[in-house]
Amino acid sequence: MPELPEVETVVRGLRASLPGRIILDVRLGKTDFIDDPVALAEQLPGARIADISRLGKFVCMELVPGGPAASSEARLHLIVHLGMTGQLTTRHPADPVAPHTHVFFALDDGRELRYTDIRRFGRILLIPESRIAVFRGRLGSEPLETTLEEFRARFGLRRARIKALLLDQGLLRGVGNIYADESLFRARIHPARIAARLTQTQLATLHRAVREVLTAAIRLRGSSISDYVDSDGNRGEFQRRHRVYRREGKPCVRCGEKIRRVIVAGRSSYFCPRCQPPPRAQKSRHPVKRT
DNA sequence: AGCTCTTCCTGAAAGC
DNA sequence: TGCTTTCAGGAAGAGC
């Protein structure tokens with residue numbers, strides 16, 4: 001599932017060949033995951049792709065409108081979220097079309113940019129320049145650019161479980177279930193720990209672990225569990241380095257204890273019960289009788 | 001207010 | 001063996 005490292009890999013691939021290209025035509029299949037499919041079909045043909053960047057888990061394509069009256073039009077931002085199973089690939093029109101491919105952008109160099117998404121948990125939005133600041137403002141800080149002080153300020157006072165907070169895109173943008181679990185394992189912090197009860201040292205260790213895990217995953221071009229591929233259709237390699245994610249019952253690489261799975265914040269959470277001790281039982285008005 | 005749970009979707013895998 | 005159920009999960013929205 002595409003999280004920050006996977007989206008970064010896709011963006012790097014697209015950035016290598018798409019800037020400068022002009023979108024000639026848009027063809028749509030199912031559109032229930034597109035905010036305004038009519039706007040896509042009407043406004044994109046003739047537009048030039050100026051730049052491609054990543055914002056958390058979003059792919060952001062900056063477009064300069066073409067066609068009549070283009071000079072007076074402000075830039076557009078084509079925003080793509082890959083959801084669970086989204087794929088953004090460049091192909092040739094003669095290449096076989098993967099099932100569940102719902103968007104085709106014909107380019108002026110004869111290629112096609114295609115969006116494929118089996119479960120359609122992804123999203124596509126077209127945002128005018130005037131509203132892009134509001135969109136960005138809803139997202140938290142970029143994990144690889146967050147200082148320790150900022151990290152402590154965002155997490156240290158919160159009463160929620162640390163796993164839920166790591167997944168909150170309004171706090172930190174780009175971390176999903178895989179990298180939350182892998183980061184918590186490296187920092188030796190149980191996913192159900194209350195953030196405000198972590199020590200300053202634990203917050204510092206977690207801050208470093210998040211950055212190390214994401215950097216290592218980018219280097220290996222992301223994790224391919226089921227559907228993820230980059231813009232050329234190639235799988236990533238980081239799934240081989242997962243130490244806890246989807247390793248329930250297998251031995252911990254550090255201590256040999258069996259990895260366990262619990263649900264935290266509605267998500268499967270994998271951890272080592274010895275390396276990541278659970279939160280202390282809360283003080284209760286009905287204490288358990290000891291024998 | 002701030003959190004947790006449910007919902008959307010499809011296909012793979014587990015269960016009976 | 002073959003059908004049914006469960007599970008995966010990002011993020012919006014409901015509920016507590």
Side-chain angles (χ1 to χ4, degrees), chain A residues 1-8 10 29-37 54-60 79-88 97-103 115-125 127 134-140 143 153-184 190-198 214 217 222-229 235-236 238-239 242 244-250 259-271 279 282:
Chain A
M1 42 252 42
E3 303 179 25
L4 187 152
E6 291 75 32
V7 179
E8 178 65 25
V10 169
K30 290 186 180 177
T31 58
D32 54 354
F33 60 98
I34 303 174
D35 267 24
D36 188 348
R54 178 186 60 75
L55 195 66
K57 299 178 194 172
F58 292 91
V59 176
C60 305
I79 309 286
V80 180
H81 193 299
L82 301 174
M84 284 279 299
T85 54
Q87 301 175 340
L88 205 47
V97 175
H100 307 285
T101 299
H102 297 300
V103 184
Y115 182 72
T116 306
D117 192 346
I118 295 173
R119 287 173 228 184
R120 303 204 302 286
F121 271 28
R123 280 173 68 200
I124 296 182
L125 316 93
I127 300 182
V134 174
F135 175 76
R136 287 201 183 105
R138 282 199 267 266
L139 294 169
R154 284 180 182 268
F155 291 91
L157 299 175
R158 300 287 297 265
R159 302 296 167 112
R161 293 161 174 180
I162 187 63
K163 171 75 179 270
L165 296 179
L166 285 173
L167 296 178
D168 185 342
Q169 302 300 297
L171 287 178
L172 210 57
R173 59 185 193 233
V175 176
N177 208 37
I178 296 174
Y179 299 106
D181 280 5
E182 293 296 320
S183 299
L184 288 167
H190 189 285
R193 291 288 304 277
I194 301 300
R197 295 199 184 138
L198 297 175
L214 293 177
S223 302
S224 290
I225 300 289
S226 55
D227 302 278
Y228 165 71
V229 293
R235 292 165 61 83
F238 193 70
Q239 65 279 6
H242 292 175
V244 286
Y245 185 74
R246 291 216 177 171
R247 292 194 65 242
E248 185 179 17
K250 292 179 179 166
I259 299 301
R260 288 188 50 199
R261 180 177 77 100
V262 292
I263 302 296
V264 177
R267 294 278 166 270
S268 274
S269 301
Y270 300 87
F271 69 101
Q282 293 190 353

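Both backbone and side-chain heavy atoms feed into the values below; hydrogens, waters and symmetry mates do not. In what follows, every chain begins at residue 1, and chains take the letters A, B, ... in the order their sequences are listed. The structure displayed is predicted, hence computed values, not measured ones.
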Look only at the side chain of [X] and the backbone of [Y], and say whether a donor-acceptor pair between them is shorter than 3.5 Å.
X: Arg173(A); Y: Gly140(A); answer: yes
X: Glu8(A); Y: Arg54(A); answer: no
X: Thr116(A); Y: His100(A); answer: no
X: Arg154(A); Y: Leu171(A); answer: yes
X: Thr85(A); Y: Asp227(A); answer: no

Select one nucleotide: of dG9(C), dC3(B), dT4(B), the one nearest the side-chain heavy atoms of Ala164(A).
-> dT4(B)

Out of dT4(B), dG9(C), dA12(C), whichever nucleotide has its closest atom nearest the side chain of Arg123(A) | dA12(C)

Nearest whole angstrom, please: distance from the [atom2] of [N] to the [atom1] of [X].
X: Asp227(A); N: dG9(C); atom1: CG; atom2: C1'; result: 12 Å
X: Arg159(A); N: dC16(C); atom1: CZ; atom2: P; result: 24 Å
X: Asn177(A); N: dA8(C); atom1: CG; atom2: P; result: 9 Å
X: Leu157(A); N: dA1(B); atom1: CG; atom2: C1'; result: 16 Å
X: Arg261(A); N: dT6(C); atom1: CZ; atom2: P; result: 14 Å
X: Leu167(A); N: dA12(C); atom1: CG; atom2: P; result: 13 Å
X: Asp117(A); N: dA11(C); atom1: CG; atom2: C1'; result: 14 Å
X: Gln239(A); N: dA8(C); atom1: CD; atom2: P; result: 18 Å

Identify all pairs in which a protein N or O lies below 3.5 Å from an N or O of nucleotides 9-11 of chain B, and state each distance.
{"residue": "dT10(B)", "atom": "OP1", "partner": "Arg120(A)", "partner atom": "NH1", "Å": "3.3"}
{"residue": "dT10(B)", "atom": "O2", "partner": "Arg119(A)", "partner atom": "NE", "Å": "3.4"}
{"residue": "dG11(B)", "atom": "OP1", "partner": "His100(A)", "partner atom": "NE2", "Å": "2.8"}

According to a strict under-4.0 Å criterion, is [X] in side-chain N/O contact with OP1 or OP2 of [N]?
X: His81(A); N: dG10(C); value: no
X: Arg267(A); N: dG10(C); value: yes
X: Gln169(A); N: dA11(C); value: yes

Would you indicate what Ser268(A) reaches in the nucleic acid, counting non-hydrogen atoms under 4.0 angstrom: base, sugar-phosphate, or nothing?
-> sugar-phosphate

Select base, sugar-phosphate, or nothing to describe what Ala265(A) touches, counting heavy atoms under 4.0 Å on all strands.
-> nothing

Is the Phe33(A) ring parallel, tilted or perpendicular to the His102(A) ring (thresholds 30°, 60°)?
-> tilted

Side chain to side chain, Arg246(A) and Ile225(A), heavy atoms closer than 4.5 Å = yes

